[in-house]
Amino acid sequence: MSTAEFAVTFKEAGRSVIATRRPWREFLDPLSLSLPSSFSDATSRISQNLTRFLSNYCLVVLLLIFLGLIYHPFSMIVFFLVFVAWFVLYFSRDDPIRVFGFELGDFVLVIILGLATGLALALTGVFVNVLISLAIGAVVVCLHAALKGTEDALGDLQDPFGDTLLESPRGDYSGI
């Protein structure tokens, strides 16, 4: 995979994360929380819930990072500006960016935004705070994903072939 293909894949993944946010009522439903029966059940729940609630989990982690910067108001403002820059310049645009008549590719834009993010973290001196917030976020996400039951997720599954396999020109198969 070339770097340009990787950048495009990363961008499409970001857009799908934003587009797939589940309702908060469903995400925070206390009645759907239960202890997993085994380690295998816990890992299965984590896998399914990460897939189902990925956008919600991303927003929770971003909120935890933001709260980790609460005692650093300048860093919080910088973090917010970097977040807005990523969202506006990378995730939400469809047209290429032109600077002085040159078109910036996605890979170049990712490098520029990545360097800007790293520079912002380095200059504001909050790298350790962000790292700790990310660790706490990972624990919170894994804990929620392991405790969140997946029984209600079965209604979301759809047959990839639609109803074509359920309908037969010869009638119902129950008489066989």
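- Under the 4.5 Å side-chain heavy-atom criterion for Ile, Leu, Val, Met, Phe, Trp and Tyr, F53 and L134 are members of the same hydrophobic cluster.
- A continuous path of ILVMFWY side-chain contacts below 4.5 Å connects L89 to L104, so both sit in one hydrophobic cluster.
- Note that CG of L62 and OH of Y57 are 15.0 Å apart. Values are rounded to the nearest 0.5 Å.
- In this pair, F79 and F83 present their aromatic rings parallel. The plane angle is below 30°, not in the 30 to 60° band.
- Looking at L81 and W86, their side chains never come closer than 4.5 Å, going by heavy atoms from C-beta outward.
- Distance check: T43 OG1 to Q48 CD gives 10.0 Å after rounding to the nearest 0.5 Å.
- The shortest side-chain heavy-atom distance between F27 and R22 does not fall under the 4.5 Å cut-off.
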Item to check | Test log, rule side chain to side chain contact (heavy atoms under 4.5 Å, CB included), inputs I70 and M76 | outcome: CA-CA 7 Å; I70 202 85; M76 192 181 300; 3.6 Å; yes
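- When hydrophobic clusters are built by joining Ile, Leu, Val, Met, Phe, Trp and Tyr residues whose side-chain heavy atoms come closer than 4.5 Å, directly or via intermediates, V126 is grouped together with I132.
- In summary, R45 and D41 engage in a salt bridge, as defined by a charged side-chain N under 4.0 Å from a carboxylate O.
- Counting heavy atoms from C-beta on, the side chains of V78 and L69 never come closer than 4.5 Å.
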Next on the checklist: What verdict does the side chain to side chain contact (heavy atoms under 4.5 Å, CB included) test give for V141 and L50, after you've listed the backbone C-alpha separation in whole Å, the side-chain angles of each residue and the deciding distance to 0.1 Å?
Outcome noted: CA-CA 8 Å; V141 165; L50 280 177; 3.6 Å; yes
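- With rounding to the nearest 0.5 angstrom, the OG atom of S133 is 10.0 Å from the CG atom of L63.
- Under a hydrophobic-cluster definition in which Ile, Leu, Val, Met, Phe, Trp and Tyr are linked whenever side-chain heavy atoms come within less than 4.5 Å, directly or via other members, I136 and Y71 are assigned to the same cluster.
- No side-chain donor-acceptor contact under 3.5 Å links H144 and N49.
- In this structure, F80 has its ring center at least 6.0 angstrom away from the ring center of F66.
- Separating the OG atom in S44 from the CZ atom in F39 is a distance of 11.5 Å, to the nearest 0.5 Å.
- A distance of 10.0 Å separates CD1 in I65 from CG in L131, rounded to the nearest 0.5 Å.
- With hydrogens and angles ignored, the 3.5 Å screen pairs a side-chain donor or acceptor of S32 with a backbone N or O of D29.
- A continuous path of hydrophobic side-chain contacts links L28 to V140 [ILVMFWY only; heavy atoms under 4.5 Å].
- In this structure, CD1 on I46 lies 9.0 Å from CG on L147, to the nearest 0.5 angstrom.
- Residues T124 and H72 form no side-chain contact, since every pair of their non-hydrogen atoms from C-beta on lies 4.5 Å or further apart.
- Classification of E26 and R52 as a salt-bridged pair holds, one side-chain N sitting under 4.0 Å from a carboxylate O.
- Contact of the V60 side chain with the N56 side chain is not registered, since no non-hydrogen atoms from C-beta on lie closer than 4.5 Å.
- Nearest heavy atom pair, residue L64 against residue G137, reads CD1-CA, 3.5 Å.
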